[in-house]
Chemist: 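Let me begin by handing over the structure; questions about it come next.
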Amino acid sequence: MPQGQPDSVPDDGLTTRQRRNRPLVVVHTGAGKGKSTAAFGLALRAWNQGWPIGVFQFVKSAKWRVGEERALRVLGDSGEGGAVTWHKMGEGWSWVQRDAQTDNEAKAREGWEQVKRDLAAETYRLYVLDEFAYPMHWGWIDADEVVRTLRDRPGTQHVVITGRNAPAPLIAAADLVTDMTKVKHPMDAGQKGQRGVEW
């Protein structure tokens with residue numbers, strides 16, 4: 001394991017081992033590519049540890065068949081590693097204007113209610129809340145409520161949240177925040193997303 005010197009050691013009464021095994025809130029945000037990819041990388045590590053994993057995809061259509069979903073479903077059904085449960089909470093790319101915008105909002109709220117129930121029941125050891133920053137950014141889901149719920153969650157449940165424009169209260173409360181900065185992307189030059197790279 002990498003060894004580092006912390007800037008400061010909290011006066012929280014925990015031993016080094018207790019602090020190491022603390023459940024984390026992780027946020028992947030920013031305009032660059034790789035937020036969901038990094039979250040699914042964490043899911044692979046969790047699967048290898050035998051942890052049950054709950055994936056909740058917000059705003060992505062149930063019709064989309066992304067590579068990470070197929071891979072994690074196959075791994076979850078393999079009888080090795082942890083079980084994987086996949087939930088889709090949206091009807092498509094909600095930042096595109098559609099008549100079903102209010103339906104997307106309702107589905108996002110329904111998804112968050114399910115996450116809260118699962119956290120209370122300690123259903124999973126790792127939660128991937130993919131694109132969940134968007135419903136908070138748009139005001140569909142109250143960021144302060146999310147922070148309170150995550151702060152008060154029982155057990156050793158890790159939560160990773162992805163999406164651009166993660167709200168300030170979530171960033172302040174998270175244990176690990178990565179801001180993906182875009183330097184260059186083929187789409188900037190008019191190239192469409194392609195198989196094996198974007199999905």
Chemist: In chain order, what residues pass the ring pair (Phe, Tyr, Trp, His ring centres under 6.0 Å) check against H158, with sequence neighbours excluded?
Modeler: W51

Chemist: Sequence neighbours left out, what passes side chain to side chain contact (heavy atoms under 4.5 Å, CB included) with R117? Give chain and number order.
Modeler: E113, Q114

Chemist: Could you verify whether a donor N or O on one side chain and an acceptor N or O on the other, from Q157 and Y127, lie under 3.5 Å apart?
Modeler: yes

Chemist: Applying ring-ring contact (aromatic ring centres under 6.0 Å, His included), which residue pairs with at least one partner in residues 5-31 are found, sequence neighbours left out?
Modeler: none

Chemist: Quick one: ring pair (Phe, Tyr, Trp, His ring centres under 6.0 Å) partners of H185, sequence neighbours excluded?
Modeler: none

Chemist: Please enumerate all residues that pass side chain to side chain contact (heavy atoms under 4.5 Å, CB included) together with A174, with sequence neighbours excluded.
Modeler: V25, V27, V177

Chemist: Show every salt bridge (Lys or Arg N to Asp or Glu O under 4.0 Å) that has at least one partner inside residues 21-30, sequence neighbours left out.
Modeler: R22-D175

Chemist: Would you please name every residue forming a side-chain hydrogen bond (donor to acceptor under 3.5 Å, both in side chains) with T85, sequence neighbours left out?
Modeler: none

Chemist: Report the residues that fulfil side-chain hydrogen bond (donor to acceptor under 3.5 Å, both in side chains) with D11, sequence neighbours left out, ordered by chain and then residue number.
Modeler: none

Chemist: Return the set of residues passing side chain to side chain contact (heavy atoms under 4.5 Å, CB included) with R73 (not counting sequence neighbours), or none when no residue passes.
Modeler: E69, W86

Chemist: Under the side-chain hydrogen bond (donor to acceptor under 3.5 Å, both in side chains) test, which residues partner R164, sequence neighbours left out?
Modeler: none

Chemist: With sequence neighbours left out, write down each residue that passes side-chain hydrogen bond (donor to acceptor under 3.5 Å, both in side chains) with K182, or none if nothing qualifies.
Modeler: D188

Chemist: Using the side chain to side chain contact (heavy atoms under 4.5 Å, CB included) criterion, which residues pair with P167? Sequence neighbours excluded.
Modeler: M136, A143, P169, L170

